[in-house]
Peer 1: 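Right, I'll just put the structure down here and ask away after.
Within every chain, numbering begins at 1; the chains are lettered A, B, ... in the order of the sequence lines, protein sequences first and strands thereafter.
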Amino acid sequence: MLDLKLMQNNPEKVRESLKKRGSSIDVQEFATLDEKRKTLIAEVEQLKAERNKVGPEIAKRKRAREDVSDLLERMGQVAERIKTLDAELAEVQAEEKEWLMAVPNIPAEDTPVGKSEDDNPVLRYWGEKPEFGFAPKEHWELGVELGGFDFERAAKLTGSRFVVSKGWAARLERALATFMLDTHLEEHGYSEVIPPFIVNKNTMTGTGQLPKFEEDLFKLRDTEYYLIPTAEVPLTNLYSGEVLDESQLPMLLCAHTPCFRSEAGSYGKDTKGLIRMHQFMKVEMVNLAHPDHSYEALETMTAAAEKILQKLGLHYRVISLCTGDIGFSAAKTYDLEVWLPGQEKYREISSCSNCEDFQGRRANIKFQPKDSKKKEFVHTLNGSGLAVGRTLVAVLENYQQEDGSIIVPEALRPYMGGLEVIKG
RNA sequence: GGAGAAGUGGCCGAGCUGGCUGAAGGCGCACGCCUGCUAAGCGUGUAUAGGGGAAACUCUAUCGGGGGUUCAAAUCCCCCCUUCUCCGCCA
């Protein structure tokens with residue numbers, strides 16, 4: 001949510017931001033609503049002031065056994081007028097709030113301007129594409145041949161976009177997750193959290209999934225509960241409605257959770273393998289940061305995610321999402337794209353964003369600065385560290401051998417009982 | 001799932017036979033004074049959001065959330081949520 005004051009005082013900036021994002025939202029609509037709201041408030045508050053003033057007067061005269069019928073009559077009218085005005089005001093405020101809640105965050109100054117994902121600049125590469133003396137296979141071929149993935153039975157149990165991992169694949173996935181968590185806890189200062197995987201509407205609204213993106217979520221029937229699409233949601237909202245001490249910042253939280261996505265509108269995309277699933281595991285990092293340091297924190301968080309890929313020896317590149325591709329709540333986002341030799345493509349494996357105070361305002365997360373009376377909104381950052389399923393994909397494709405076996409990256413061997421090669 | 005109790009400001013805790021309570025009192029915290037040494041005392045201040053105002057300031061709303069009764073609700077009524085106790089069930 002944007003600052004109401006910004007909307008009022010600098011609509012030009014908001015208009016510009018929306019244009020960069022390719023949004024069709026009209027700022028003038030808001031200005032009209034806001035004017036209407038102010039007019040209504042002025043009238044209704046004046047009447048309420050009168051009501052509050054006359055109330056004690058009625059009590060006083062009653063106690064003196066004086067006649068109060070004239071006041072009662074007048075106040076009856078006032079009450080009625082207040083009621084209708086309050087109703088009108090509530091409507092305007094709801095509209096205004098709905099409007100505000102639908103406006104995306106303002107991109108950071110250095111977020112590149114562009115129309116689509118094709119305009120995202122590559123910032124850097126790490127490592128090199130591995131050389132194969134044969135045609136590398138895609139992960140789903142390797143996984144199925146080695147008996148690790150069972151898509152047919154997953155389809156039987158549930159439907160499309162699910163997988164059953166068995167044996168080495170299940171253990172490798174668990175190994176990856178534990179390796180990631182351990183790295184973030186021991187080397188990057190994060191605290192591990194196991195949050196609820198089901199959250200309510202309010203929580204989903206705090207991070208920006210609702211009200212605009214309900215169709216991307218799984219909602220539990222007959223409730224206002226949703227399955228989390230990412231641990232960003234429960235982690236960022238952990239301190240919603242609270243005021244943190246400045247000394248608690250930055251608050252570094254890390255969780256390994258399942259993520260559930262309806263993938264509405266992605267029919268035909270990535271239909272094979274485990275790139276795009278309705279359910280996948282992810283290690284997520286969240287930082288509730290001091291506004292003065294949130295952009296340093298974004299670099300640090302991105303570096304933490306990169307560290308995982310580096311330890312696994314996986315070639316990747318870092319891109320900066322442009323204004324046309326950046327997420328609703330984010331001001332600036334770096335994506336990590338890992339090289340998949342089977343697909344011969346770089347694929348997103350992590351996304352690290354600084355949302356500035358956009359979510360902090362929505363979820364009402366503040367902190368008390370030492371040297372100021374005024375409480376401020378925290379800046380929130382979130383980043384995958386990493387998407388576990390996709391990391392498994394990357395390991396399989398990058399570490400495959402001609403005979404179809406997979407070398408276990410050294411960093412994972414302690415988590416795999418010392419296993420060096422997966423042969424099925 | 002059944003039966004009861006409770007939810008007030010940073011915390012504790014009054015108020016709950018409707019108006020004089022944005023809310024006593026205490027604690028904590030901040031600043032000042034006194035004193036002078038790791039204490040006590042005194043004074044002042046100590047919520048959030050919105051409207052008006054250059055500002056001082058002023059008005060409105062908020063006593064778990066929502067709705068209702070009333071000229072007027074922390075106080076009465078209804079629904080929901082959460083917590084605690086007891087019973088049942090269960091990992």
Peer 1: Taking the P atom in each of B:C16 and B:U69, what is the distance between them to the nearest angstrom?
Peer 2: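 Result for the P pair: 25 Å, nearest Å.
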Peer 1: Which nucleotide wins on minimum distance to the side chain of A:Gln8, given the candidates B:G51, B:U60, B:U48?
Peer 2: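 Nucleotide nearest to A:Gln8's side chain: B:G51.
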Peer 1: Using purine N1 to pyrimidine N3 plus N6-O4 or O6-N4 for Watson-Crick, or N1-O2 and O6-N3 for G-U wobble, both under 3.5 Å, which nucleotide pairs with B:U48?
Peer 2: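 Base-paired to B:A61.
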Peer 1: Between A:Ala42 and A:Ala59, which residue's closest nucleotide on RNA chain B lies nearer the 5′ terminus?
Peer 2: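 Closest to the 5' end, via its nearest nucleotide, is A:Ala59.
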Peer 1: Answer yes if the side chains of A:Glu232 and A:Gln359 hold a donor-acceptor pair under 3.5 Å, and no otherwise.
Peer 2: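 The answer is yes; a qualifying pair exists.
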Peer 1: Taking any strand in view, what nucleotide pairs with B:A56 in a Watson-Crick or G-U wobble way, both distances under 3.5 Å?
Peer 2: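 Its partner is none (no Watson-Crick or G-U wobble pair with both distances under 3.5 Å).
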Peer 1: Given the P atoms of B:A24 and B:A40, what is the spacing between them in whole Å?
Peer 2: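 To the nearest whole Å, 24 Å.
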Peer 1: Expressed as a whole number of Å, how far does the C1' atom of B:A30 sit from that of B:A23?
Peer 2: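 Their C1' atoms lie roughly 22 Å apart.
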Peer 1: Strictly below 4.0 Å: does A:Lys374 bring a side-chain N or O up to OP1 or OP2 of B:A49?
Peer 2: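 Checking A:Lys374 against B:A49: at least one side-chain N or O falls below 4.0 Å of OP1 or OP2.
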Peer 1: Can you check the distance between B:C63 and B:G9, where both ends of the measurement are the P atom (answer in whole Å)?
Peer 2: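 The answer is 10 Å between these two P atoms.
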Peer 1: Name the pairing partner of B:U82, where a pair is Watson-Crick or G-U wobble with both distances under 3.5 Å, or state none.
Peer 2: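 B:A6 is the nucleotide pairing with B:U82.
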Peer 1: Can the ring centres of A:Phe213 and A:Phe328 be said to be less than 6.0 Å apart?
Peer 2: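 That pair passes the under 6.0 Å test.
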Peer 1: From the options B:A72, B:G50, B:A49, select the nucleotide whose nearest atom is closest to the side chain of A:Ile41.
Peer 2: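 Nearest to the side-chain atoms of A:Ile41, counting from C-beta on, is B:G50.
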Peer 1: What integer distance in Å separates A:Asn200:CG from B:C80:P?
Peer 2: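 From A:Asn200 CG to B:C80 P: 18 Å.
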Peer 1: Measure from CG on A:Asn202 to C1' on B:C81 and round the result to the nearest Å.
Peer 2: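 Whole-Å distance recorded here is 12 Å.
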Peer 1: Please state how far atom CD in A:Glu242 lies from atom C1' in B:G64, giving the value in whole angstrom units.
Peer 2: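 To the nearest whole Å, that distance equals 15 Å.
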Peer 1: Could you tell me if the side chain of A:Tyr226 sits less than 4.5 Å from the side chain of A:Leu210, heavy atoms only?
Peer 2: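 Yes - at least one pair of side-chain heavy atoms lies under 4.5 Å apart.
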Peer 1: Determine the Euclidean distance between corresponding P atoms of B:G67 and B:U62; express it in Å to zero decimal places.
Peer 2: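 About 11 Å, rounded to a whole number of Å.
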Peer 1: Determine whether the side chains of A:Gln77 and A:Arg81 contain a donor N or O and an acceptor N or O closer than 3.5 Å.
Peer 2: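 No, no side-chain donor-acceptor contact under 3.5 Å.
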Peer 1: Can you confirm whether the side chains of A:Gln8 and A:Asp34 place a donor and an acceptor under 3.5 Å from each other?
Peer 2: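 Note: A:Gln8 and A:Asp34 side chains meet the donor-acceptor criterion.
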Peer 1: Kindly say whether A:Val199 contributes a backbone atom to a donor-acceptor pair with the side chain of A:Thr203 at under 3.5 angstrom?
Peer 2: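 Such a contact is absent between A:Thr203 side chain and A:Val199 backbone.
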Peer 1: On RNA chain B, nearest-nucleotide positions of A:Gly55 versus A:Val44: which is more 5'?
Peer 2: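 This one resolves to A:Gly55.
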Peer 1: Please list, pair by pair, any protein nitrogen or oxygen found under 3.5 Å from a nitrogen or oxygen in nucleotides 61-63 of chain B.
Peer 2:
unit_1	atom_1	unit_2	atom_2	d
B:A61	OP2	A:Asn52	ND2	3.2

Peer 1: How is A:Arg37 classified with respect to the nucleic acid when contacts are heavy atoms under 4.0 Å: base, sugar-phosphate, or nothing?
Peer 2: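 Sugar-phosphate only.
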Peer 1: Distance between the P atoms of B:U21 and B:C27, in whole angstroms?
Peer 2: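 Result for the P pair: 22 Å, nearest Å.
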Peer 1: For B:U35, give the paired nucleotide (Watson-Crick: N1-N3 plus N6-O4 or O6-N4; G-U: N1-O2 and O6-N3; both under 3.5 Å), or none.
Peer 2: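 Because no pair has both required distances under 3.5 Å, B:U35 counts as unpaired.
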Peer 1: So what's B:U17 paired with, Watson-Crick or G-U wobble, going by both distances under 3.5 Å?
Peer 2: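 Checking every strand shown, B:U17 finds no partner, since no pair has both distances under 3.5 Å.
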Peer 1: Does B:C11 pair with anything, Watson-Crick or G-U wobble, both distances under 3.5 Å, and if so, with which nucleotide?
Peer 2: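 In the structure as shown, B:C11 has B:G26 as its Watson-Crick or wobble partner.
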Peer 1: Could you tell me how far apart A:Asp3 (CG) and B:G50 (P) are, to the nearest whole angstrom?
Peer 2: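 Nearest whole value for this atom pair: 8 Å.
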Peer 1: Sequence neighbours left out, what passes side-chain contact (heavy atoms from CB on, under 4.5 Å) with A:Asn10? Give chain and number order.
Peer 2: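 A:Leu6, A:Glu12, A:Lys13.
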Peer 1: Could you tell me how far apart A:Lys5 (NZ) and B:G51 (C1') are, to the nearest whole angstrom?
Peer 2: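 After rounding, the reported distance stands at 10 Å.
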Peer 1: Pick the C1' atom in B:G22 and in B:A74, then give their distance to the nearest Å.
Peer 2: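 That atom pair is separated by 10 Å.
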Peer 1: Would you mind reading off the distance between A:Lys60 atom NZ and B:G19 atom C1', rounded to a whole angstrom?
Peer 2: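 Interatomic distance, NZ of A:Lys60 to C1' of B:G19: 13 Å.
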Peer 1: Tell me the partner of B:G1, counting only Watson-Crick (N1-N3 plus N6-O4 or O6-N4) or G-U wobble (N1-O2 and O6-N3) with both under 3.5 Å; none if nothing fits.
Peer 2: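 Pairing partner, where one exists within any strand: B:C87.
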Peer 1: Under a 4.5 Å cut-off applied to non-hydrogen side-chain atoms, are A:Pro409 and A:Tyr399 in contact?
Peer 2: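 Sidechains of A:Tyr399 and A:Pro409: in contact.
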Peer 1: A:Lys201 has an atom NZ; how far is it from atom P of B:G66, in whole Å?
Peer 2: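 For the pair A:Lys201 NZ and B:G66 P, the rounded distance is 15 Å.
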Peer 1: Verify whether the ring centers belonging to A:His278 and A:Phe260 lie closer than 6.0 Å.
Peer 2: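 Ring-ring flag for A:His278/A:Phe260: false, centres at least 6.0 Å apart.
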Peer 1: Consider the side chain of A:Lys38, meaning its heavy atoms from C-beta on, and name the nucleotide among B:G19, B:C71, B:G52 that approaches it most closely.
Peer 2: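 Closest of the options to the side chain of A:Lys38: B:G52.
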Peer 1: So A:Glu43, base contact, sugar-phosphate only, or nothing? Heavy-atom distance under 4.0 Å.
Peer 2: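 Since no nucleic acid heavy atom lies under 4.0 Å of A:Glu43, the category is nothing.
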Peer 1: Give the nucleotide from the list B:U48, B:G50, B:C71 with an atom nearest to the side chain of A:Lys375.
Peer 2: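 Taking heavy atoms from C-beta onward, the closest nucleotide is B:U48.
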Peer 1: Could you please name the partner base of B:C76, counting Watson-Crick and G-U wobble pairs only when both distances are under 3.5 Å?
Peer 2: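 B:C76 is paired with B:G68.
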Peer 1: Please report the distance separating the P of B:G1 from the corresponding atom of B:C80, rounded so that it comes out in whole Å.
Peer 2: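 Per the computed distance, 12 Å lies between those P atoms.
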Peer 1: Could you state the CD1-P distance from A:Ile58 to B:U70, rounded to the nearest angstrom?
Peer 2: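 Distance check: A:Ile58 CD1 to B:U70 P gives 14 Å.
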Peer 1: According to ring-ring contact (aromatic ring centres under 6.0 Å, His included), who are the partners of A:Tyr225, at least two apart in sequence or on a separate chain?
Peer 2: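 By the ring-ring contact (aromatic ring centres under 6.0 Å, His included) rule, A:Tyr225 matches no residue at all.
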Peer 1: If only side-chain N and O atoms of A:Lys83 are considered, is one of them under 4.0 Å from the OP1 or OP2 phosphate oxygen of B:U69?
Peer 2: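 Checking A:Lys83 against B:U69: at least one side-chain N or O falls below 4.0 Å of OP1 or OP2.
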